[in-house]
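Note that these values count all heavy atoms, side chains included, but never hydrogens, waters or copies made by symmetry.
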Amino acid sequence: MNMYRLTGGGLLAFVVVLSVNVACAQAQAQKGASKMTVSEGKLVSLEYTLRLDDKTVVESNVGGDPLKYTQGAHELIVGLEKALEGMAVGDKKTVTVPPADGYGVVDPKAFQEVSKKLIPPDALKVGAQLQGRGPDGRVLYPRVSEVKDETVVLDFNHPLAGKTLTFDVKVLDIKDGAVPSNPKRPH
């Protein structure tokens, strides 16, 4: 092995070249390292605000606990989950979700007319939220849609059915998780 003695400016030049080479290697390594993004099976934490077309804020967790969900487990409405795909920590986005990709369109078959006698007297007003059980034992939350002389029309649609939803979202954290099996959509 040959040893070379560096003298004067030669040592300085060697140190500068070595520093530049190290910095270039570090930059290359960072370029090659991919940022974790929202994808199937990732555990995601979000900050969000949900608004309607008229700018009414329906819900927000800004300044509170983040919304945590598993991407691909269908824990969010389909339109929002699709829009979050590929985002990274710190990314912000405004997402507009049409009714078909949100809580669905208003189903005319989800309205039912019942006797006024079945409704508590203080709930005999349009917009009143009721709670009951369906034939299968599932808890239902119909709203009073119309009050007639002898009957009341109940709306069993989701309160946000037929609405275009606008979400302002920010990805706060992404972690590895398990790929969901047997996913089920929320309603």
Side-chain angles (χ1 to χ4, degrees), residues 34-113 119-120 122-134 138-147 152-180 182-187:
S34 63
K35 240 184 186 180
M36 190 177 289
T37 60
V38 175
S39 59
E40 184 90 7
K42 299 293 187 212
L43 302 174
V44 183
S45 295
L46 291 179
E47 179 178 86
Y48 72 94
T49 298
L50 167 59
R51 290 179 281 110
L52 300 178
D53 281 344
D54 65 1
K55 308 295 183 213
T56 302
V57 174
V58 175
E59 194 172 85
S60 180
N61 72 344
V62 175
D65 292 333
L67 168 66
K68 295 180 181 185
Y69 78 100
T70 301
Q71 181 74 3
H74 308 296
E75 298 166 356
L76 302 178
I77 57 173
V78 68
L80 181 57
E81 189 173 57
K82 282 181 185 176
L84 294 169
E85 187 78 23
M87 291 180 70
V89 173
D91 286 355
K92 295 178 182 181
K93 184 187 269 189
T94 297
V95 178
T96 301
V97 179
D101 290 334
Y103 291 97
V105 296
V106 175
D107 180 1
K109 294 177 185 170
F111 290 86
Q112 185 177 350
E113 199 164 333
I119 307 298
D122 59 334
L124 291 172
K125 56 186 174 234
V126 173
Q129 184 80 52
L130 304 173
Q131 180 179 339
R133 292 208 178 268
R138 191 172 56 138
V139 178
L140 302 172
Y141 300 96
R143 287 175 322 286
V144 174
S145 171
E146 186 179 351
V147 178
V152 174
V153 178
L154 300 178
D155 180 359
F156 287 87
N157 284 290
H158 187 282
L160 296 175
K163 309 262 190 231
T164 297
L165 310 172
T166 301
F167 293 88
D168 292 317
V169 295
K170 179 181 179 183
V171 177
L172 301 175
D173 192 29
I174 303 171
K175 294 180 181 170
D176 283 325
V179 175
N182 196 14
K184 194 174 177 186
R185 285 264 171 230
H187 289 287

From [atom1] ([X]) to [atom2] ([Y]), nearest 0.5 Å:
X: Thr37; Y: Leu84; atom1: OG1; atom2: CG; answer: 11.5 Å
X: Asp54; Y: Thr164; atom1: CG; atom2: OG1; answer: 11.0 Å
X: Tyr103; Y: His158; atom1: OH; atom2: NE2; answer: 4.5 Å

Test side chain to side chain donor-acceptor pair (under 3.5 Å) applied to Lys163 - qualifying residues, sequence neighbours left out =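 Applying side chain to side chain donor-acceptor pair (under 3.5 Å) to Lys163 gives none.
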
Quick one: side chain to side chain donor-acceptor pair (under 3.5 Å) partners of Asp122, sequence neighbours excluded?
->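 Testing Asp122 for side chain to side chain donor-acceptor pair (under 3.5 Å), a comparison that skips the adjacent residues, returns none.
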
For [X], all residues meeting salt bridge (Lys or Arg N to Asp or Glu O under 4.0 Å), sequence neighbours excluded:
X: Lys68; value: none
X: Asp107; value: none
X: Glu113; value: Lys148
X: Asp53; value: none

Audit row: Phe167, Ile77, side chain to side chain contact (heavy atoms under 4.5 Å, CB included) steps and yes/no = CA-CA 11 Å; Phe167 293 88; Ile77 57 173; 3.8 Å; yes

Pairwise side-chain contact, [X] with [Y], heavy-atom cut-off 4.5 Å (strictly under):
X: Leu160; Y: Leu52; result: yes
X: Met36; Y: Val89; result: no
X: Gln71; Y: Glu40; result: no
X: Leu154; Y: Leu130; result: yes
X: Val171; Y: Val169; result: no

What closest approach, in Å, do Tyr141 and Gln129 show between heavy atoms, and which atom pair accounts for it?
-> O-NE2, 2.6 Å

Residue pair Leu165 / Leu50: nearest heavy atoms and the distance that separates them =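 Where Leu165 meets Leu50 most closely, the heavy atoms are CB-CD1, 3.6 Å.
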
Output all residues satisfying side-chain contact (heavy atoms from CB on, under 4.5 Å) with [X], sequence neighbours left out; order by chain, then residue number.
X: Lys82; result: Val78
X: Phe111; result: Val106, Ser145, Val153, Asp155, Asn157
X: Arg133; result: Val139
X: Val147; result: Lys116, Val144

Might you work through the side chain to side chain contact (heavy atoms under 4.5 Å, CB included) test for Asp176 and Lys42, ending with a clear yes or no?
-> CA-CA 5 Å; Asp176 283 325; Lys42 299 293 187 212; 2.5 Å; yes

Please list, one pair per line, the donor and acceptor atoms closer than 3.5 Å that link side chains of residues 90-100 to other protein atoms, with sequence neighbours excluded.
from  : atom 1 : to     : atom 2 : distance (Å)
Asp91 : OD2    : Ala88  : N      : 2.7
Lys93 : NZ     : Ala83  : O      : 2.6
Thr94 : OG1    : Asp168 : OD1    : 2.7

Where the side chain of Glu81 meets the backbone of Gly72, is there a donor-acceptor pair that is under 3.5 Å apart?
->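 Yes; at least one donor-acceptor contact below 3.5 Å.
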
Cut-off 3.5 Å, no hydrogens considered: what does the side-chain donor-acceptor table look like for residues 57-66, sequence neighbours left out?
from  : atom 1 : to    : atom 2 : distance (Å)
Glu59 : OE1    : Tyr48 : OH     : 2.6
Ser60 : OG     : Tyr48 : O      : 3.3
Ser60 : OG     : Thr49 : OG1    : 2.9
Ser60 : OG     : Val62 : N      : 3.3
Asn61 : OD1    : Tyr48 : N      : 2.7
Asn61 : ND2    : Leu46 : O      : 3.0
Asn61 : ND2    : Asp65 : O      : 3.1

